[in-house]
Amino acid sequence: MNKPEVLYMVVPCYNEEEVLHETARQLKEKYTALIQQNLISAKSRVVFVNDGSKDKTWSIICELHGENPEFFSGINLAHNSGHQNAVLAGLMTVKDICDMAITMDADLQDDINTIDAMVKKYYEGNQVVYGVRSARKTDTFFKKFTAESFYKFMQVMGADVVYNHADFRLMSRRVLQELAGFKEVHLFLRGMIPLIGFQSCNVYYERHERFAGESKYPLKKMLSFAINGITSFSTKPLKMITSLGFAMSVVSILAFLWGLIIKIADLSISGWSSTICSIWLIGGLQLLCLGVIGEYVGKIYAEVKQRPRFIVAEFINDSENQ
Ligand code: UDP
Ligand code: MG
């Protein structure tokens, strides 16, 4: 086999003090095995990205780096930027020092043993390897239902996402370089990566329960993530408004003709309630349509500002020290 290549794991962490030690222990074990099998280079690292945590997360990361600089690195973001931005911050920081990068949650829900398969697929020539959940046995009914509806709805709305794939994936250095060219502020990585293209494949894994602590993705955040995904990747809602408007126009012309015929035939009766109802209906529809347009206008507003998407306060890494 060729020379083993450098793998960087990017692990976003927000208030993860309860799980970090265990995650680090398991990752260290995995890295040791992979290095021994000559699958990855000894220059490979795990980079924990501290996303403005309020607990001891950053001091634990510094401690891990101090004890094992040959395994662990850390990025401290200046403030909480959200999961997607934290992942991007990590990827953009390591894109020039790694051959491949894997993004993984800190809570051990993604199966660490899938890393082997991902790396092997990379050597087979895949530039992107998507980790896809094979089962959702450990999710509550509510989480399973909302998550699966989310993927189905995304597909119906025209956003091209890999079904049941979250953000557990391997990307090659080449893909990361291309990702750097995507300047959007509203990140939805699982929609952006398929847009980059290149040879890709899926590996399947069972998602575990969170090792400790609580989900940092409550329903409210999940909903806004779904809306963000659709409005960032599809103009289908706008097209649906046009179709709706068209259908409404046809109906109103027919209604107008009907009204005229009744009037001419002198059959008209005063219909206060039907008038009021239609006014409310049309008013409601108009507001709905304006709302959808507003969503897009709001996005344009945020995009044109071109604010930095994250600010790296510190990067502790020992990549040369091998
Ligand atoms: N996370 C983050 N910033 C945030 C929220 C979450 O970096 O603002 C991280 C979190 O530490 C975890 C990952 O993103 O590693 C996924 O979050 P979580 O496990 O809470 O989401 P769930 O798996 O419940 O959807
Ligand atoms: Mg989780």
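Reckoned from all heavy atoms, side chains included, excluding hydrogens, waters and symmetry mates. The structure presented is a predicted model; accordingly, all values stated were derived computationally and were not measured. Numbers for residues simply follow the sequence, beginning at 1. As the structure lists them, so they are numbered: ligands from 1, and atoms in each ligand from 1.
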Colleague: Using a 4.0 Å heavy-atom threshold (strictly under), name the region of D51 that reaches ligand 1: side chain, backbone, both or neither.
Modeller: side chain

Colleague: Please check whether Y14 reaches ligand 1 - meaning an N/O of the residue sits under 3.5 Å from an N/O of the ligand, judged on distance alone.
Modeller: yes

Colleague: Just checking, any donor-acceptor pair under 3.5 angstrom between side chains of R174 and Q127?
Modeller: no

Colleague: What protein atoms of element N, O or S are positioned under 2.8 Å from the Mg ion (ligand 2)?
Modeller: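 Those protein N, O or S atoms (cut-off: under 2.8 Å from the Mg ion (ligand 2)) are D107 OD2, Q109 OE1.
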
Colleague: Could you note down all residue pairs passing salt bridge (charged side-chain N to carboxylate O under 4.0 Å, His left out) where residues 189-198 supplies at least one of them, sequence neighbours left out?
Modeller: D167-R190

Colleague: Could you tell me if K95 and Y8 have a donor-acceptor pair between their side chains, going purely by distance under 3.5 Å?
Modeller: no

Colleague: OH of Y130 to CG of L170: how many Å apart, nearest 0.5 Å?
Modeller: 11.0 Å

Colleague: Would you give the length of the straight line joining atom CD of E178 to atom CZ of F182, rounded to the nearest 0.5 angstrom?
Modeller: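 Nearest 0.5 Å value for the CD-CZ distance: 8.0 Å.
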
Colleague: At under 4.0 Å between heavy atoms, is it the side chain or the backbone of M222 that contacts ligand 1, or both, or neither?
Modeller: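 No part of M222 is near ligand 1 at this cut-off.
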
Colleague: What part of P12, side chain from CB on, backbone N/CA/C/O, both or neither, has a heavy atom under 4.0 Å from ligand 1?
Modeller: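 It is both backbone and side chain that touch ligand 1.
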
Colleague: To which protein heavy atom is atom 17 (O) of ligand 1 closest, and what is the distance rounded to 0.1 Å?
Modeller: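 Going by distance alone, atom 17 (O) of ligand 1 is nearest to Y217 CD1, 3.8 Å.
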
Colleague: Provide, to 0.1 Å, the distance between atom 8 (O) of ligand 1 and the closest protein heavy atom, together with that atom's residue and name.
Modeller: N80 ND2, 3.2 Å

Colleague: Can you tell me if Q177 and D96 form a side-chain donor-acceptor pair at under 3.5 Å?
Modeller: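 Result is yes, a qualifying pair exists.
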
Colleague: Checking a contact table here: which protein heavy atom is nearest atom 18 (P) of ligand 1, and how many Å away?
Modeller: R210 NH2, 3.5 Å

Colleague: Can you tell me which residue and heavy atom of the protein come closest to atom 14 (O) of ligand 1, and the distance to 0.1 Å?
Modeller: H83 CD2, 3.0 Å

Colleague: With the side chain counted from C-beta on, respond yes when R207 and D111 share a heavy-atom pair under 4.5 Å apart, and no when they do not.
Modeller: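 Counting from C-beta outward, R207 and D111 never come under 4.5 Å.
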
Colleague: Nearest protein heavy atom to atom 25 (O) of ligand 1, by residue and atom, and its distance?
Modeller: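 Going atom by atom, the protein heavy atom closest to atom 25 (O) of ligand 1 ends up being K143 NZ, 3.4 Å.
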
Colleague: Taking F168 as the fixed residue, which of T103, T114, V132 is the one that meets the side-chain contact (heavy atoms from CB on, under 4.5 Å) rule?
Modeller: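 By the side-chain contact (heavy atoms from CB on, under 4.5 Å) criterion, F168 pairs with just one of T103, T114, V132: T114.
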
Colleague: M9 and Y31: side chain to side chain contact (heavy atoms under 4.5 Å, CB included), yes or no, with the steps?
Modeller: CA-CA 10 Å; M9 297 279 305; Y31 262 51; 2.9 Å; yes

Colleague: Pull out every atom of ligand 1 sitting under 4.0 Å from any heavy atom of A106, numbered as shown with elements.
Modeller: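 Matching atoms, with element in brackets: 15 (O).
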
Colleague: Around atom 6 (C) of ligand 1, find the nearest protein heavy atom and jot down its residue, atom name and distance.
Modeller: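 Going by distance alone, atom 6 (C) of ligand 1 is nearest to K216 CB, 3.7 Å.
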
Colleague: Report the nearest protein non-hydrogen atom to atom 22 (P) of ligand 1: residue, atom name, distance rounded to 0.1 Å.
Modeller: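 Checked against all protein heavy atoms, atom 22 (P) of ligand 1 sits closest to S215 OG, 3.7 Å.
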
Colleague: Using distance alone, with no hydrogens and no angle criterion, decide if R25 and H21 have a side-chain donor and acceptor under 3.5 Å apart.
Modeller: no

Colleague: Are L195 and L179 connected into the same hydrophobic cluster when the rule is that any two of I, L, V, M, F, W, Y join if their side-chain heavy atoms are below 4.5 Å apart?
Modeller: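 Linked, L179 and L195 end up in one cluster.
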
Colleague: Around atom CD of E124, are there more than 12 heavy atoms from other residues, nucleotides or ligands closer than 6.0 Å?
Modeller: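 Atom CD in E124 is packed in, count exceeds 12.
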
Colleague: Any sub-3.5 Å donor-acceptor pair from D51's side-chain atoms to P12's backbone N or O?
Modeller: no

Colleague: In terms of atom number and element, which parts of ligand 1 are under 4.0 angstrom from non-hydrogen atoms of R207?
Modeller: 23 (O)

Colleague: E16 heavy atoms, cut-off 4.0 Å: which ligand 1 atoms fall inside?
Modeller: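 Selected atoms, number and element: 10 (C), 11 (O), 12 (C), 15 (O).
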
Colleague: Pull out every atom of ligand 1 sitting under 4.0 Å from any heavy atom of D107, numbered as shown with elements.
Modeller: 19 (O), 23 (O)

Colleague: Quick check on K56: does its NZ atom have over 12 non-hydrogen neighbours (other residues, nucleotides or ligands) under 6.0 Å away?
Modeller: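 Count not over threshold, so no.
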
Colleague: Identify the protein heavy atom lying closest to atom 23 (O) of ligand 1, giving its residue, its atom name and the separation to 0.1 Å.
Modeller: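 For this ligand atom, the closest protein heavy atom is Q109 OE1, 2.7 Å.
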
Colleague: At less than 4.0 angstrom from any non-hydrogen atom of K221, what atoms of ligand 1 do you find?
Modeller: 5 (C), 8 (O)

